[in-house]
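Before any comments, here is the structure.
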Amino acid sequence: MKNTYTKLIRPRFLTSILLIGLLSTTSCNDDFFDKQPLDSISDGTFWKTETDAQLALIGCYNTGAGWSGEDFWTSRSLFYLDLMAGNGSEKELIPDHMTDGTLTSSYWVPGSYWKNAYTKITTCNNFLDHIAAIQMDESKKAVMTAEVRTIRAYQYFNLALYFGGVPLVERVLTVEEANSVVRTAKADVWAFVEKELKESYVLLPKTRPDAENGRITAGASLAILGRLQMAQKKWSDAAATYKTIIDNNTYVIDPKYRELFWETSELSKEIVLSSQYLPDTYSHVFLQYLYPEAFGGWHQFSAYNELVKEFECVDGKTIDKSPLYDKNKPYDNRDPRLDYTIMISDRTKFKGQTYISRPNTTSPDRFNRYNWSGYSINKFMDESFSGNLMNYGGNFSIIRYAEVLLSYLEAQLEAGGAVNQALLDATINKVRGREAVKMPAVTTTDPVELRKIIRRERRVEFAFEGLRYYDVLRWDIASEELNRQFTGMKLTDTPATYKDYAVDSEGYYIYQKRNFIKGTNELWPVPLSEIQINNKLTQNTGY
């Protein structure tokens, strides 16, 4: 059920929202504000009432619907981050080029993330520049302000994570100012983010009514702060942050898994923060990209077998240790999340139809027909949806409570705190033990072994949700994970005599190779187009 807040506000005032966005991107021109046009909205005629504030607030949440991207907020863009991080590939290699050794400062993808982040920051700055003047209930104003500061902080956190030092802008600039900003050191940007989040979350409500689903809560602001502290290896601080969320007793682990990513689960108490959509008015086209061709989509994405291998067997052991693993039937007896996440040829069924990607068939998804691995994506394939794949209104989770629990456990471990069975049962075993998964409980407290388990658990639990890139960067394993040969579906049980396609020693299709450049690709390049406009911006090493 789509939330009432989104349903009532967006259709009625969509034009106004778009005009507000236009204001935020053109307000750097002083002459613009010397005029107050009678036939359109301007800052001089707008910021008067609580309704104006509410409309402007919605504009701060707005990133764009339909084909918009890339950014740190919407479905395809977050999905892209996992492909960049080695969980899979896109058939036109758009995100792949970010980490395959070919990235340059002129590539449009990092430029798009940069531009869209600063567009949202400018919208937030415009809100913060004007909200004080509105005559309205001060407590409501304080909550709105805290929401916008959190949105802005989220953008700056991600910009600094991927680009390093970036311009730190806290108000709407003139053209001259905007074209002469310099990069602020990454540590200083993150210090600003930490301050913003710590000052904001205390003003935000712990819960929202269903009608306000999607608006930021204290838990969402704290969860972003937790990500920041984890990235900085401030383990004790991160543990305290996540413990605060847990102690608020706001969120729970949903018993479902597959359906958790469908439109029908938008109000799940596991979802801490999500990007919001609405059919016909504010929909998106992610499902068109996602669905295999036999199901009406473009089969734009493929999973790597290296991700598939990470899913344990149902006895809780990895495939190299479990007696349940059969190399000739490698997908049997596995963690249920494997089938919920990956479409496997001749195994996965969707709405009664079997997914087929084997070569020498007439299937439009046969892997040798295009640049595919043979695996497709099952996660987010909404079986309850029967509409136009280019008009989907399902929200996309940005933060789930499962992340809070796993991050709390990791932070406690890395901080050197006590790790006992009670802590494991309160965190990782709640995630693994949800009704739809029921994987065996983790019992080891050995730090080395537990670290491996936590990292594997994060990879399989959050596959394609946008967290993997963040994880490999903060764990300093990007070059290890992304400078390697990747494989696809299993093609044969007799690889020594198989001749049809290149396979490895286990019979898996030899698919793609990445050549991540250590010491360079850990950061994205500052877009060349930005440096051409503003020569005070410096470039990252290697670009």
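For clarity, every value in this text was computed on a predicted model and none was experimentally measured.
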For the residue pair Glu306 and Thr487, confirm or rule out a side-chain donor-acceptor distance under 3.5 Å.
-> yes
Among side-chain atoms of Tyr257 and Lys379, is any donor-acceptor pair under 3.5 angstrom?
-> yes
So, Tyr325 versus Asn333: side-chain donor-acceptor pair below 3.5 Å or not?
-> no
Between Tyr469 and Tyr162, does the ring centroid distance fall short of 6.0 Å?
-> yes
For Asn305 and Tyr375, does a side-chain donor sit closer than 3.5 Å to a side-chain acceptor?
-> yes
For Trp298, what residues pass the ring-ring contact (aromatic ring centres under 6.0 Å, His included) criterion, not counting sequence neighbours?
-> Trp67, Tyr289
Is there a donor in the side chain of Asn62 and an acceptor in the side chain of Tyr282, or the other way round, less than 3.5 Å apart?
-> yes
Residues forming a ring-ring contact (aromatic ring centres under 6.0 Å, His included) with Tyr509, sequence neighbours excluded = Phe367, Tyr511
Side-chain donor-acceptor pair under 3.5 Å between Gln229 and Thr241, yes or no?
-> yes
Does a side chain donor of either Asp254 or Ser268 reach within less than 3.5 Å of an acceptor in the other side chain?
-> yes
Compute whether any side-chain donor of one residue and acceptor of the other, for Arg358 and Ser363, lie under 3.5 angstrom apart.
-> no
Residues at least two apart in sequence or cross-chain that pass ring-ring contact (aromatic ring centres under 6.0 Å, His included) with Trp73, listed by chain then number, are Tyr154
Test of ring centre spacing under 6.0 Å for Phe295 and Phe350 = yes
Just checking, is any N or O donor in the side chain of Thr348 or Asn378 under 3.5 Å from an acceptor N or O on the other one?
-> no
Side-chain heavy atoms of Ile477 within contact of Arg455, under 4.5 Å = yes
Between Asn391 and Ser283: side-chain donor-acceptor atoms closer than 3.5 Å = yes
